[in-house]
Amino acid sequence: MIVNFYERFQPKNQMCCLEDALFEGFLSTDGKYAGLLKEHFDQSGGISNILFTPSATAALELAVQLLGLKPGDEVIIPSYNFPSAANAVIKYGGTPILCDVDSITKTISLEDAALRITKKTRAIMPTHYAGISCDMDSLMKLAQDCRIAVIEDAAQAVHSLYNGNPLGTIGDFGAYSFHHTKNFSCGEGGAFLCKDSSRIDFAEILRDNGTNKAQFYKQKTSSYSWQCAGSNYMMSAACAALLYAQLLDYEVITAKRKAVSDTYHEILSGSFEKLGEKISLMEIPDYSAPNYHIYYINCKDYETREAVRKGLLADGIDVRTHFVPLHLSDYGKALGYTAADFPNSLSAFETLLRLPIHTEMTRTDCETAAGLLIKRVGELSWQRLST
Ligand SMILES: *Cc1c(COP(=O)(O)O)cnc(C)c1O
């Protein structure tokens with residue numbers, strides 16, 4: 001490949017942090033580096049109720065477990081999505097109810113979600129696709145009016161803002177991912193966030209095999225024991241150290257990604273007469289200050305997307321499609337969904353194309369990728385004209 005889809009940012013001090021963690025002695029959770037991570041989120045985003053987990057999936061499971069679902073309880077989840085949220089609902093005894101996404105942002109469609117609220121609905125789980133949320137004020141109002149919880153799948157949205165507020169902190173619960181492919185990464189990692197600080201003690205119990213070990217470490221109890229059903233959802237200190245080294249540079253990482261996104265936007269919107277009817281560019285709503293997790297384009301139809309995708313791969317530009325919507329997946333079909341259920345999710349599946357975006361890309365890389373995209377789209381028009 002001439003331009004890779006993703007490369008991990010290698011901060012200067014990561015080996016020092018890792019070595020320091022290794023010699024600290026305690027490699028399990030909540031040592032020195034978990035403390036430093038907490039401080040980071042507190043200082044950069046005013047986030048105080050945060051627990052580090054092995055993944056966003058684990059954090060979503062914690063959030064769903066805290067809901068205390070009963071069989072038959074429903075949770076509304078957008079179909080254009082990764083399966084973590086739906087898995088968590090199934091695992092903890094509820095029924096995922098899929099809904100469509102908005103055609104512009106690819107985040108949950110509030111109109112469609114509202115239609116699916118019933119007496120059994122306990123929560124809505126919006127996914128902040130590409131680090132961009134839906135209109136969270138309207139979502140929170142809907143949830144408050146219907147007395148249901150909001151769990152933000154903010155896996156892609158670490159250090160993204162909605163009207164100045166960090167995503168993941170607006171709903172009752174939130175989940176971050178530090179998976180290798182995310183903006184800030186330590187291989188596998190995540191965080192659980194919760195708005196109500198009185199619930200963090202119970203989350204700590206659930207996270208540590210249903211024991212009150214955290215209370216024991218804080219010397220609030222003389223011994224610890226099994227309190228309820230839980231699991232091991234703890235992040236290792238080695239991962240915490242790697243993650244901390246990255247987060248020290250979070251502003252650099254975001255600025256570099258923004259530069260890539262801005263360059264694409266500038267070049268592609270400048271060639272709009274040539275591209276206009278074949279592709280359109282992703283839009284960032286005014287309320288959003290994203291972390292630039294993804295840069296995507298929308299193609300006119302599936303055939304256009306596939307022709308552009310294959311052409312760019314042949315050119316050495318590593319472009320990618322994205323989610324198979326849950327309702328189109330084998331398991332979604334087994335749950336009774338059919339292809340026509342969610343047209344905007346289907347359209348995103350067929351027509352969205354992600355361009356390379358990472359911190360190691362130069363302006364020349366962006367120009368090369370955007371230039372080849374324009375060329376490939378141009379060829380399509382030419383081919384159609386000559387046939
Ligand atoms: C990456 C991702 C996840 C899963 O994150 P893990 O940390 O790998 O568990 C969940 N939801 C969305 C929307 C994601 O992008």
Could you check whether [Y] and [X], counting side-chain N and O atoms only, form a donor-acceptor pair closer than 3.5 Å?
X: Ser84; Y: Asn87; result: no
X: Tyr129; Y: His293; result: no
X: Thr211; Y: Asn209; result: no
X: Asp112; Y: Ser109; result: no
X: Ser225; Y: Gln227; result: yes
X: Asp341; Y: Thr338; result: yes
X: Tyr162; Y: Asp135; result: yes
X: His179; Y: Ser177; result: no
X: Gln10; Y: Gln14; result: yes
X: Glu61; Y: Tyr233; result: yes

Pairs meeting criterion salt bridge (charged side-chain N to carboxylate O under 4.0 Å, His left out) with involvement of residues 155-167, two or more places apart =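 Qualifying pairs: none.
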Residue from Asn298, Thr127, Asn81 passing side-chain hydrogen bond (donor to acceptor under 3.5 Å, both in side chains) with Lys106 = Asn298
Which atom names give the shortest non-hydrogen contact between Ala59 and Ala175, and what distance separates them?
-> CB-CB, 3.7 Å
Here the pair of heavy atoms bringing Met234 nearest to Thr29 is CB-OG1, 2.6 Å
Can you find a heavy atom in the side chain of [X] that is under 4.5 Å from one in the side chain of [Y]?
X: Ile124; Y: Pro126; result: yes
X: Tyr250; Y: Ser44; result: yes
X: Ile97; Y: Thr121; result: no

Taking only residues two or more places apart in sequence or in another chain, which ones pass salt bridge (charged side-chain N to carboxylate O under 4.0 Å, His left out) with Glu367?
->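 Arg363.
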Tell me, please, which residues at least two apart from Tyr331 pass ring-ring contact (aromatic ring centres under 6.0 Å, His included).
-> none
Of Lys220, Lys218, Lys213, Arg199, the one forming a salt bridge (Lys or Arg N to Asp or Glu O under 4.0 Å) with Glu204 is Lys218
Where do Asp145 and Lys141 land on the salt bridge (Lys or Arg N to Asp or Glu O under 4.0 Å) test, with the steps shown first?
-> CA-CA 6 Å; Asp145 288 349; Lys141 187 171 181 312; 2.9 Å; yes
What donor-acceptor contacts under 3.5 angstrom involve side-chain atoms of residues 32-42, with partners at least two apart or in another chain?
{"from": "Lys32", "atom 1": "NZ", "to": "Asp20", "atom 2": "OD2", "distance (Å)": "2.5"}
{"from": "Tyr33", "atom 1": "OH", "to": "Asp20", "atom 2": "OD2", "distance (Å)": "2.6"}
{"from": "His40", "atom 1": "NE2", "to": "His159", "atom 2": "NE2", "distance (Å)": "2.9"}

Pairs under 3.5 angstrom only: tabulate donor-acceptor contacts from the side chains of residues 66-75 to other protein residues two or more places apart or in another chain.
{"from": "Asp73", "atom 1": "OD2", "to": "Lys70", "atom 2": "N", "distance (Å)": "2.8"}
{"from": "Asp73", "atom 1": "OD2", "to": "Arg122", "atom 2": "NH1", "distance (Å)": "2.9"}
{"from": "Glu74", "atom 1": "OE1", "to": "Thr118", "atom 2": "OG1", "distance (Å)": "2.9"}

Report all side-chain donor-acceptor pairs from residues 343-352 shorter than 3.5 Å, counting only partners two or more places apart or in another chain.
{"from": "Asn344", "atom 1": "ND2", "to": "Val101", "atom 2": "O", "distance (Å)": "2.9"}
{"from": "Ser345", "atom 1": "OG", "to": "Asp100", "atom 2": "OD1", "distance (Å)": "2.7"}
{"from": "Thr351", "atom 1": "OG1", "to": "Ser347", "atom 2": "O", "distance (Å)": "2.7"}

